[in-house]
Amino acid sequence: MSAVDDLFAQLKARGEKAFIPFITAGDPSLETTSRVLRSLVSQGAHMCEVGIPYSDPIADGPVIQASYTRVLKDGIRLEQILQMLRETTPSLKAPVLTMVSHAIVYRRGMVDYVEAAKEAGVAGLIVPDLPVEESGELQTICRSADMSLIQLITPNTPPARTEQIIAATSGFIYYVSVVGITGERQSLPDELVKNVELLRAKTSLPICIGFGISTPEHIRMLAPVADGMIVGSAIVKRLSKASRSDSQDDSKALEEVEAYAKTLTSALASC
Amino acid sequence: MQDSPTVPNAAGRFGDFGGRYVPETLNPALDQLANEYAQAREDLGFHDHLNDLLQHYVGRPSPLYHAKRLSAECGGAQIFLKREDLNHTGAHKINNTLGQALLTQRMGKTRVIAETGAGQHGVATATACAHFGLPCVVYMGEEDIRRQAPNVYSMKLLGAEVRSVTSGSRTLRDAINEAMRDWMASVKDTHYILGSVVGPHPFPMIVRDFQSVIGRETIEQSNRQFQALPDVVVACVGGGSNAAGMFYPFIESSDVELIGVEAGGRSDQSGDHASPLTYGKPGVLHGSYSYVMQDEDGQTCDVHSISAGLDYPGVGPEHSYWKATERVRYDCCRDQDALQGFDALAKTEGILAAIETSHAVWVAMQIAKERPKEQRVVVCLSGRGDKDTAEIARLRGEDGSSGNGT
């Protein structure tokens, strides 16, 4: 059991759904990332997803890509990100996941990465470029470390593959709302709710939905069928306005993120 | 394609290398492609159609030409050139794009995307798409658009849309990222014609198979022209498609030395070259596990080459496998040496080779110098150099109004 499993068990008992914000580690600075994590949790985030910047993120749209490029340009290293998490997670009343490319996990060494993440207080991993066929070794390592390995299912995943992915997943299923890359979208596909209901019939794992979610309307549309909603680009975009040198500017962006998170958590509370 | 490959296995592994490291969204399309290809290779009609195009549209077989004056200048072994530069569109790339365009049609997909570095694959894709009446979008790094302008305009004339990629290093690697992102959203009706033996399974296998016509013809021509196999075969390696196509039919002929030439750039310092097999480590990039230039965190390093087509931090997984099994030796050639290879071939044989190809020419010249006259060195002359003349003039300060002796 990881902290992710505990969280969903508690939410289920209370009949609540999870709000899961995504932010890029180190954008605009590691110090700000730490502050934003604490602030998002105080605004009602149930779990946080931290993106580990990668040079070649093919599943990400322009907003998250650009944030990764900024952080790498600043020379921020994986070890510094883990250090920030190590200092931040003990006081955080919500589990933290890392979204990380397999290029990074492999280079660090799978065992080593899981150990280091665990030690930094990370409860689960999302490795978006590691499909189920390639994930066997990492699954074993995560299982023995009580770390959730969250796998993704997309609208074009065939039924047989869906079963295979469900069997290999721990923590929750990350259901990708659209066939495409990350980024805010005005409207979500009409068949999304039905797709999630169909998936629900196949698994007892919690199902969280990500990609494109950005408005209170989206939250209200999905809360009845999902166990959680992941919001990334909309938050990363607001943080991108923070200056990398001016702390006053930084506070303004932070306030904006807080206000935005509040609109989503109140939408969730009203469901 | 008649060859039944022992590698890759069903999971796309060449030994430890290869595999499929892509977002879930792309997996169904890769499965569909693998299935369609498996059916096509058993379908005589498919082979007939492709062979007919290769003969009448591309102009195959391409000659195996004895470069006597270049050989004499080197004073050693005889150098032969496999003239892929004489193919329609001026490079080996068309062998693959026609094959994949046929697969596109078989899958019932109605739109094509591609990445390009030097623009040769972009032109070859635009050409195949014009031939089949398929709309085509080519992603190309802003830096490459600058240094390969003639090919950019050709693509437009052929009806393709060229999209400038301004992220990252603005070269081939970023063009692949952008094409993959397009494919993430368009996968239902779009086929991605990947231009090299890189990327997730089944691309490295499919591209190798379509390019293997190069090596098969070379074997046949060698037997006919000099009643033996070559002693040495040399090809340049960026992603490695011309080399894979040339080497693959020779793999079992262990007496034939195979030498792949990476871009040595300015120096052996990281960032100054594009030689992952020489200086890199195995890691994951663009969907497969292979040698790559990465830092300690797994971030892809910037690389440099004078040639846009070799300016790539990764390499096809089968090359990593051939390196690990020591079947192929990998060497690298500096920018300045490639230019010397370019000049030597131009002046002794009247052939302008692509700057990518010139890397292999220079290494072949060095090998020829050390070998007896009876030996034969075959170079895969993968592409023609017209696209590079303006950039070479710029590098030599011979562009603009000062005149350059014409």
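So that the names make sense, note that chain A is the first sequence line, chain B the second, and so on, each numbered from 1. Computed from a prediction, not measured in an experiment: that's the story for all the values here.
Listed options A/Asn156, A/Ile153, A/Asp60, A/Val132 were ranked by heavy-atom pairs under 4.5 angstrom with chain B; first place goes to A/Asn156. Of the residues considered (B/Leu26, B/Val284, B/Val22), B/Val22 shows the highest number of contacts with chain A, using heavy-atom pairs under 4.5 Å. Heavy-atom pairs under 4.5 Å with chain B peak, among A/Glu79, A/Arg77, A/Lys73, at A/Arg77.
Looking at heavy atoms from C-beta onward, B/Met184 lies out of side-chain contact with A/Ile58 at the 4.5 angstrom threshold. The side-chain heavy atoms of B/Glu24 and A/Val176, taken from C-beta on, include no pair separated by under 4.5 Å. A heavy-atom distance below 4.5 Å is found between the side chains of B/Arg173 and A/Ser55. Contact check for B/Pro23 versus A/Pro128: no side-chain heavy atoms found under the 4.5 Å cut-off. Inter-residue side-chain proximity for A/Ile104 and B/Gln299 is flagged as met; some heavy-atom pair is nearer than 4.5 Å.
If you take OG1 on A/Thr154 and CG on B/Asn27, they are separated by 8.5 Å, rounding to the nearest 0.5 Å. Note that the OG atom of B/Ser167 and the CG atom of A/Asp56 stand 9.0 Å from one another [nearest 0.5 Å].
For CD of A/Gln80, the number of neighbouring non-hydrogen atoms (other residues, nucleotides, ligands) closer than 6.0 Å is greater than 12. By the neighbour-count criterion of 12 heavy atoms within 6.0 Å, atom CD of A/Gln186 is sparsely surrounded, having that number or fewer from other residues, nucleotides or ligands. Counting heavy atoms of neighbouring residues, nucleotides and ligands inside a 6.0 Å radius, atom CD of B/Glu161 exceeds 12 of them. Around atom CG of A/Asp190, no more than 12 heavy atoms belonging to other residues, nucleotides or ligands sit under 6.0 Å away. Within a 6.0 Å radius of NZ in A/Lys202, other residues, nucleotides and ligands contribute more than 12 heavy atoms.
Side-chain atoms of A/Glu134 come within 3.5 Å of backbone atoms of B/Arg20 as a donor-acceptor pair (strictly under, hydrogens ignored).
The ring of B/Tyr21 has its center no closer than 6.0 angstrom to the ring center of A/Tyr106.
What you find for B/Val187 and A/Val179 is that their closest heavy atoms are CG1-CG1, 3.8 Å. Across B/Arg181 and A/Pro57, no two heavy atoms sit closer than the pair NH2-O, 2.9 Å.
In this structure, chain A has no heavy atom under 4.5 Å from any part of B/Asp182. For A/Gln65, the part lying near chain B is the side chain, with the backbone staying farther off; criterion is any non-hydrogen pair under 4.5 Å. Looking at A/Thr157, the atoms closer than 4.5 Å to chain B (heavy atoms on both sides) sit in the backbone and in the side chain alike. Using a 4.5 Å cut-off between heavy atoms, B/Lys188 does not touch chain A at all. For A/Leu72, the part lying under 4.5 angstrom from a heavy atom of chain B is the side chain only. With a 4.5 angstrom heavy-atom cutoff, B/Thr300 touches chain A via backbone and side-chain atoms both.
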Steps toward side-chain contact (heavy atoms from CB on, under 4.5 Å) verdict (B/Glu296, A/Arg107): CA-CA 7 Å; B/Glu296 286 163 21; A/Arg107 173 60 77 218; 5.5 Å; no
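The pair A/Arg108-B/Asp297 does not meet the salt-bridge criterion, since no charged nitrogen lies less than 4.0 angstrom from a carboxylate oxygen.
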